[in-house]
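Notes to accompany the following structure.
Letters go in sequence order (proteins before strands), and every chain restarts at 1. Both backbone and side-chain heavy atoms feed into the values below; hydrogens, waters and symmetry mates do not.
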2 protein chains.
Amino acid sequence: IIKLEDVKKNYYLGKTEVPALRGVNFEIDKGDFISIVGPSGSGKSTILNLLGCIDVPTAGTVIIDGTVTNDLPEKQLTAIRRNTIGFIFQSFNLLPTLNVVENIEFPMLLKQGNKSLRVKGESKEFIDFLIEEVGLKGREKHKPNELSGGQRQRVAIARALSTKPRIVLADEPTANLDSKTGEEIIDLMKKINRDLDTTFIFSTHDQTIVDIADHIIRLKDGEVVENRKIN
Amino acid sequence: IIKLEDVKKNYYLGKTEVPALRGVNFEIDKGDFISIVGPSGSGKSTILNLLGCIDVPTAGTVIIDGTVTNDLPEKQLTAIRRNTIGFIFQSFNLLPTLNVVENIEFPMLLKQGNKSLRVKGESKEFIDFLIEEVGLKGREKHKPNELSGGQRQRVAIARALSTKPRIVLADEPTANLDSKTGEEIIDLMKKINRDLDTTFIFSTHDQTIVDIADHIIRLKDGEVVENRKIN
Ligand SMILES: Nc1ncnc2c1ncn2[C@@H]1O[C@H](COP(=O)(O)OP(=O)(O)OP(=O)(O)O)[C@@H](O)[C@H]1O
Ligand SMILES: Nc1ncnc2c1ncn2[C@@H]1O[C@H](COP(=O)(O)OP(=O)(O)OP(=O)(O)O)[C@@H](O)[C@H]1O
Ligand SMILES: [Mg+2]
Ligand SMILES: [Mg+2]
C-alpha cells in the first residue's frame, strides 16, 4: 500500500544542507503493523511526514495507495490526507480552543463528502467508544491546557482513529504514557488493525510496540539499516 | 531540602472541581536522586509545578530550602525559580525565535546578579560541554522547529542544567529519546548529582531512571501510595 523508492530529504539552514534522509527504500503492505525505530534524529518523523503527505521528498518517489505523491497539487494531497490517513503527531498538535470531544470529531467534519456540521449516529457512537478506550471518559469538556501530557497524547490518538482511516501514522504515540496505559492503547490499535485491516505505521522508542509489530524498519543517520518481516 | 505537608490541588472547570492532588506528604533530602512515578493523569506534573513555584497549592504547605512558598509575593517566587531551580518541562517550552545555544544560555542571563548580556568564560565552556554531552554538537544554530522531537527535549535538558541549579525538576525528560540517548542523559545527570550535590526530582515512565533513583515516590489518583528510599 506504500512504497518509498530511493527517497532523499534535505533541509536547509541558511546555506548549510542537513541531509535528514539519504536514500530510503521500503515497501509496506496493506494491514501491516510496522514499527520504524532508530536513535533520536535518525529521520523517523521525517519519513512519517512524507508518508502523511505533509512534506515532499527532495528526491526519490513516494507512492501511496498506487498514487505517486511527489508532484501532486496541494488540493489532491489534502484529499489524500483527509480521506486515507490518520496522523498522531509527536507533539500532538491539538486545537487549543476546542475541547476533547471537539478535537476528536474535527477530522470527521473535514472528511470529503461530509455535508453536515454535526457528528451523529454511528459516528458519534464510535467516538464515545474511542474516548472510553483511551481512558478519557469524564474529561470530554477539558481543553488541551486542562489535561496532563499523557491525556493530550490520548486525545491525539483518538482523533487519528476517529475517521477509521486506511493508514494510521503514529509518531511516538506512547512517549508520554505509563506502561499500563500504553499497553491498553496498543491493544486498541491491534484490535482495529485486525478488525478493519487498517495499516499502522509507528515511529517509536517503545520496545512493547516493537515486540508486537510484524514488520520492523530500523533507521540510522537517515538510512535504512534493517528491514525485517516477522510473520 | 523540600517538604510537602498535606498538599492539595484542585483545578476548576466551570463549576466542576477536578482534584488533581488529594493530600500529598513527603520530604526530599539535599542531593536526592528521586523518581515520582504513576499512571498518566495521577498528578506528577502538578507536583513538579508546585515544587517549581509555577503554581500554588489549594491547601497544605510547600517548603523549599527552608522557605514556605505558599503566600510569597510573585517577585520572590520568581527569584527562587531563577536562582535555585532548573526545570525540564514535559512539553519543552523552548523559545521559538532563539536557536539551540541561545535557548540554553537564556536562564543564565536571567539569573539574579548577572549584569552582563553575554555569556563568557567558564559559563560559556560549561554550555559547550552540555551541548556536547546531550549530543547536539553541530546543531547549535538550529531553531526548535528545525530539530527532531528528541533534539528539542535535549535542548530543554541542557537549558535546565546550564545555571547549575541546586534543584533540577525533570518532567519526563527521556520520553522522546531512544534508550541509548536516554541512558547517556541519565548518566550525565547522575554525574552532576554526584559532583555538584544537585538534587534531581524526576517525573517519569522510564524504568531506567526508576532503577537508578535512590528514592521512589509512587502516585495514584493524586495520592502517594508508596514512598521508598533505597540507600
Ligand atoms: N488546568 C487544568 N484544569 C483542569 N484539570 C487539570 C488541569 N491540569 C491538569 N488537570 C488534571 O489534573 C490531573 C493531573 O494532571 P497531571 O498533569 O499532574 O498528571 P500527570 O501525572 O503529569 O500525567 P501524565 O503522565 O499524563 O503527564 C489530570 O487528571 C488532569 O486532567
Ligand atoms: N526543518 C528542519 N531544518 C533543519 N533540519 C531539520 C529540520 N527538521 C528536522 N531536521 C533534522 O533532520 C534530522 C531528522 O529529524 P527527525 O525529526 O526525522 O528525527 P527523528 O528520528 O524523528 O528523531 P526523534 O526520535 O528525536 O523524534 C534531525 O537531525 C534534525 O535535526
Ligand atoms: Mg521524531
Ligand atoms: Mg505530566
Side-chain angles (χ1 to χ4, degrees), chain A residues 11-16 18 20 37-46 48-49 89-92 94 99-100 134-136 138-154 171-172 174-182 184-185 203-207 210 218-220 222, chain B residues 11-16 18 20 37-46 48-49 89-92 94 99-100 134-136 138-154 171-172 174-182 184-185 203-207 210 218-220 222:
Chain A
Y11 295 109
Y12 295 91
L13 250 324
K15 298 213 213 81
T16 321
V18 180
V37 297
S40 173
S42 53
K44 303 180 296 296
S45 296
T46 302
L48 289 193
N49 291 344
F89 295 92
Q90 189 164 7
S91 50
F92 317 157
L94 300 179
N99 66 28
V100 167
V134 300
L136 288 175
R139 297 260 182 262
E140 288 89 339
K141 294 271 186 307
H142 288 234
K143 294 211 172 59
N145 67 345
E146 294 162 339
L147 293 172
S148 76
Q151 289 168 340
R152 288 175 205 159
Q153 188 150 39
R154 289 183 262 154
D171 203 343
E172 315 230 11
T174 60
N176 283 279
L177 304 176
D178 56 285
S179 47
K180 176 158 175 297
T181 310
E184 290 166 10
I185 296 293
S203 135
T204 185
H205 300 306
D206 188 339
Q207 194 57 35
V210 178
R218 183 173 303 277
L219 288 186
K220 190 167 157 44
Chain B
Y11 294 110
Y12 294 92
L13 254 312
K15 298 215 211 77
T16 321
V18 181
V37 297
S40 172
S42 52
K44 304 181 293 298
S45 296
T46 302
L48 289 192
N49 290 344
F89 294 91
Q90 189 165 6
S91 49
F92 317 157
L94 301 178
N99 66 28
V100 167
V134 300
L136 287 175
R139 295 262 182 265
E140 289 88 340
K141 293 273 184 314
H142 288 234
K143 294 211 172 59
N145 68 344
E146 294 161 339
L147 293 172
S148 77
Q151 288 166 342
R152 287 175 206 160
Q153 186 150 42
R154 287 182 266 154
D171 203 342
E172 316 231 11
T174 60
N176 284 280
L177 304 176
D178 56 284
S179 47
K180 176 155 177 295
T181 310
E184 291 165 8
I185 296 292
S203 138
T204 185
H205 301 306
D206 189 340
Q207 195 56 37
V210 178
R218 184 173 302 276
L219 288 185
K220 190 163 154 51

Problem - Contacting region of A:Ser148 [heavy-atom separation from chain B under 4.5 Å] - result: side chain

Practice task
Compare all side-chain heavy atoms of A:Leu13 with those of B:Glu146 and state whether any distance is below 4.5 angstrom.
Solution key: yes

Practice task
Look up atom NE2 in A:His205 and atom OG1 in B:Thr181, then write down how far apart they are to the nearest 0.5 Å.
Solution key: 7.5 Å

Practice task
Between chain B and each of A:Gly41, A:Gly135, A:Gly43, count heavy-atom pairs under 4.5 Å; write down the option with the most.
Solution key: A:Gly41

Exercise for the section: Could you please spell out the steps behind the side-chain contact (heavy atoms from CB on, under 4.5 Å) verdict for A:Lys141 and B:Thr16? Expected result: CA-CA 10 Å; A:Lys141 294 271 186 307; B:Thr16 321; over 6 Å; no

Fill in the blank from the handout: Whatever's closer than 4.5 Å to a heavy atom in chain B on A:Val37 counts as neither

Problem - Between A:His142, A:Lys44, A:Arg139, A:Gln153, the one whose heavy-atom pairs under 4.5 Å with chain B are most numerous - result: A:His142

Problem - CG-OG distance between B:Leu136 and A:Ser40, expressed to the nearest 0.5 angstrom - result: 8.0 Å

Handout entry: Proximity breakdown for A:Leu177 and chain B, heavy-atom pairs closer than 4.5 Å
Key = both

Exercise for the section: With a 4.5 angstrom heavy-atom cut-off, could you sort out which part of A:Glu172 is near chain B: side chain, backbone, both or neither? Expected result: side chain

Problem - chain B contacts, top residue of A:Ser42, A:Ala175, A:Gly38, A:Gly150 (heavy-atom pairs, under 4.5 Å) - result: A:Ala175

Exercise for the section: Measure the CD-CZ distance between A:Gln90 and B:Arg152 for me, rounded to the nearest 0.5 Å. Expected result: 7.5 Å

Problem - Contact leader toward chain A among B:Asn176, B:Thr204, B:Thr174, where contacts are heavy-atom pairs under 4.5 Å - result: B:Asn176

